[in-house]
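Working notes for the structure below.
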Amino acid sequence: MSDVRSNGRGKGVEEIGTDKGSNQPLVSIDPRYYRPTEVEQLLGNPAKAKRKLGWSHRVGFQELVAEMMESDLQRVPKARQRYGPE
C-alpha cells in the first residue's frame, strides 16, 4: 500500500500527490471539478435521498443556523488572539 502525501510542489491546480517512498505521482488536480468559491444561490432537495436511501434530516433549519453561528462565534476569540482586534 502506498503512503500518499503532497510533495509540496505546486499549489492549487498544480499540486501533485506522490507516493512517499518512491516519489511517483499518484494524484493530480483536475480543474474541471473545482467549484466556484462564491455561488450565487445553492438549492437542494432531499427528496431523492429520502426516496433512494431512506434518508431524512435530523437537524432543522433553525438548529442548523444556530450551530453554524455558534461555531463561528467560537472562532472569533481565536482569530482576535492570532490577528489582533479589528
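Legend: side chain to side chain donor-acceptor pair (under 3.5 Å) pairs involving residues 65-74, not counting sequence neighbours, sorted by first then second residue: E70-Q74.
P25 and T18 get closest at one heavy-atom pair: CA-CG2, 4.0 Å. In terms of heavy-atom proximity, R58 sits nearest to E63 at O-OE1, 4.4 Å.
Considering only residues two or more places apart in sequence or on other chains, D30 meets the salt bridge (Lys or Arg N to Asp or Glu O under 4.0 Å) condition with R32. The salt bridge (Lys or Arg N to Asp or Glu O under 4.0 Å) check on R51 picks up nothing, with sequence neighbours excluded. Among residues two or more places apart in sequence or in another chain, the side-chain contact (heavy atoms from CB on, under 4.5 Å) test is passed with S22 by D19, Q24.
Clustering of Ile, Leu, Val, Met, Phe, Trp and Tyr side chains at separations under 4.5 Å places L53 together with W55. Listed by chain and number, the hydrophobic cluster partners of M69 are F61, V65, where partners are ILVMFWY side chains within reach of under 4.5 Å, directly or through others.
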